[in-house]
Number of protein chains: 2
Amino acid sequence: MPRFFIDEDALRGDEIVITGGDAVHIGRSLRMKTGDEITFCRMGIEYKTVIEKMTSDEVYCKITEQSPSSSEPRLRLSLYQALPKQDKAELIIQKCTELGAAEIVFFLSRRCVSRPDEKSAQKKLIRWQKIAEEAAKQSGRGEIPVIRGILSFDEAVNSFADKDISLFCYENGGQRLSEADISSANTCGVMIGAEGGFDRDEEEKACAAGATPIWLGKRILRCETCPIAVTAIIMNIAGEM
Amino acid sequence: MPRFFIDEDALRGDEIVITGGDAVHIGRSLRMKTGDEITFCRMGIEYKTVIEKMTSDEVYCKITEQSPSSSEPRLRLSLYQALPKQDKAELIIQKCTELGAAEIVFFLSRRCVSRPDEKSAQKKLIRWQKIAEEAAKQSGRGEIPVIRGILSFDEAVNSFADKDISLFCYENGGQRLSEADISSANTCGVMIGAEGGFDRDEEEKACAAGATPIWLGKRILRCETCPIAVTAIIMNIAGEM
């Protein structure tokens, strides 16, 4: 059954009204017609619907059932990623969306090489959100992860530390990920460095804010491998893989 | 300290003799000289050495210590990957090498779209092995994973099933990865599909050969995401992350 993500304004009582590109896609590309079933998703809720009425640019669907999306992880994982070079952010967003991250927040740490200006950062954010949406559709998520940024390190630490558990990946040592008490958490923040990792001062700030330092073992992971591996492992520990 | 992988013929008693490109690299690029220390790796063994003598194209190093590489996982993970489209194999090799796979074997399943001829497959293998070598160097591995292929499905199942534990990733259901008894295994084979997954017949063959079907949860992972996530999770369960 086709699945679409919808905005708040598409929800009208017991009806969902689709306009614009999605309406054209439903009518012309998918050739759907009155009586056909479509699933819509918004913020982790799945709406099963039946098409009631179609015009050339609007589709009216009656909600027959609504329930929390079964594909959304119970654990809300917020990935705090120091901005990497080149287009590695895009790979991270795509893969961590598939793996179930609820939110991906980019920030600048001392050793970040890529430091886009405000205008360029805004353009990147729009592109990144689009990548998250595509990956969410492809992987059958019930929610599109929110992509935020680009925060300063201090802003990132402050918002990261209010989670049930906050993990700070640090190449100079810490607990093993398998020892972290993730299974009872509802929200989890993970902070991961860019190419050069974090410095001692940043580690101290994160730990002072309540984060647990985590060490990922003896092999040196590329900066884009680390968030993908960590998201997969945390989702597995949380019983979501 | 610089690290190099060596072939068998570089090992001569209590000496390691480097020739060719690596010798030039040691002398000219790294500007190393007699008395400097170099670490060499071969098949999971690390050789600590001191440079004894250098000519323009040879470097003689005395072995001062040899020990199993501390960065090599105890668990030998063999990844059996159905050949994906485009250059996804390269991403899989790079990431799974960083994460600690011992061996990556490509094979053709019924739904593989990419089916290179013998000549093209041989060219790919050379390129793939080079990618594994680069990733092994970068991540500080003590061993370069062996890249094999391209096997038929039956050949792959036969060699895959002789491991202590063999896991067959199947989107239509199976055990969760967290339930698989990986921690006591010394060797583990994991079989993962290409874009279209496996068909029922392939699942039956793999299970008849002793594999356990594994289900990776409700989110649909892209074919290149799956081996990266599975390698990370298995290494974590094995205490290697």
Side-chain angles (χ1 to χ4, degrees), chain A residues 3 46 69-74 88 91-92 94-101 134-143 145 169 171 174-180 182-183 195 214-241, chain B residues 3 46 69-74 88 91-92 94-101 134-143 145 169 171 174-180 182-183 195 214-241:
Chain A
R3 286 166 63 95
E46 266 181 25
S69 164
S70 60
S71 65
E72 277 305 301
R74 190 191 57 76
K88 290 175 195 166
L91 183 76
I92 294 170
Q94 187 190 65
K95 299 300 170 227
C96 294
T97 297
E98 293 171 49
L99 291 164
E134 288 304 320
K137 277 185 193 169
Q138 177 271 325
S139 58
R141 293 279 305 262
E143 183 178 332
C169 294
E171 65 187 61
Q175 262 187 28
R176 306 304 289 258
L177 200 44
S178 48
E179 292 162 3
I182 294 162
S183 50
E195 285 79 7
I214 291 288
W215 180 60
L216 289 171
K218 289 174 181 164
R219 288 171 298 284
I220 300 150
L221 302 181
R222 278 173 199 261
C223 86
E224 74 277 17
T225 311
C226 188
I228 303 171
V230 167
T231 302
I233 292 168
I234 290 178
M235 286 297 165
N236 184 60
I237 295 173
E240 299 287 349
M241 293 285 293
Chain B
R3 285 165 62 95
E46 266 182 26
S69 164
S70 61
S71 65
E72 277 305 301
R74 191 192 55 76
K88 290 175 195 166
L91 183 76
I92 294 170
Q94 186 190 64
K95 299 300 169 226
C96 294
T97 296
E98 293 172 48
L99 291 164
E134 288 305 320
K137 277 186 190 165
Q138 177 271 324
S139 58
R141 293 279 305 263
E143 182 178 331
C169 295
E171 65 187 60
Q175 261 188 28
R176 306 304 288 257
L177 200 44
S178 47
E179 293 162 3
I182 294 163
S183 50
E195 285 79 7
I214 292 288
W215 181 61
L216 289 170
K218 288 175 182 164
R219 288 171 298 285
I220 300 150
L221 302 180
R222 278 173 198 262
C223 86
E224 73 278 17
T225 311
C226 189
I228 302 171
V230 166
T231 302
I233 293 169
I234 291 178
M235 286 298 166
N236 184 61
I237 295 173
E240 298 286 350
M241 292 286 293

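Within every chain, numbering begins at 1; the chains are lettered A, B, ... in the order of the sequence lines, protein sequences first and strands thereafter. The figures that follow rest on heavy atoms only: side chains count, while hydrogens, waters and symmetry mates do not.
Within the 4.5 Å cutoff, no side-chain heavy atoms of B:Leu99 are placed close to those of A:Arg219.
With a 4.5 angstrom heavy-atom cutoff, B:Leu91 touches chain A only via side-chain atoms. Looking at A:Glu179, neither its backbone nor its side chain comes within 4.5 Å of chain B, counting heavy atoms on both sides. Contacts of A:Ile228 with chain B are made by side-chain atoms alone, with heavy-atom separations under 4.5 Å and no backbone atom involved.
Across B:Ala232, B:Ser139, B:Ala229, the residue that shares the most heavy-atom pairs under 4.5 angstrom with chain A is B:Ser139. For the set A:Gly142, A:Gly239, A:Ser178, A:Ala135, the count of heavy-atom pairs under 4.5 angstrom toward chain B peaks at A:Ser178. Chain B forms the most heavy-atom pairs under 4.5 Å with one residue out of A:Ile214, A:Leu216, A:Thr225, and that residue is A:Thr225. Of the listed residues (B:Gln94, B:Arg141, B:Glu72), the one with the most heavy-atom contacts under 4.5 Å to chain A is B:Gln94.
One finds the OG atom of B:Ser70 at 4.5 Å from the NZ atom of A:Lys218 (value rounded to the nearest 0.5 Å). Separating the CE atom in B:Met241 from the CD1 atom in A:Ile233 is a distance of 4.0 Å, to the nearest 0.5 Å.
With sequence neighbours excluded, the residues that form a side chain to side chain donor-acceptor pair (under 3.5 Å) with A:Arg3 are A:Glu46.
Contact check on A:Glu98 versus B:Arg222 returns a salt bridge, with a Lys/Arg side-chain nitrogen under 4.0 Å from an Asp/Glu carboxylate oxygen.
For residues 223-241 of chain A, the salt bridge (charged side-chain N to carboxylate O under 4.0 Å, His left out) pairs, not counting sequence neighbours, are A:Glu224-B:Lys95.
In this structure, B:Asn236 and A:Ile237 approach most closely via the heavy-atom pair ND2-CD1, 4.0 Å.
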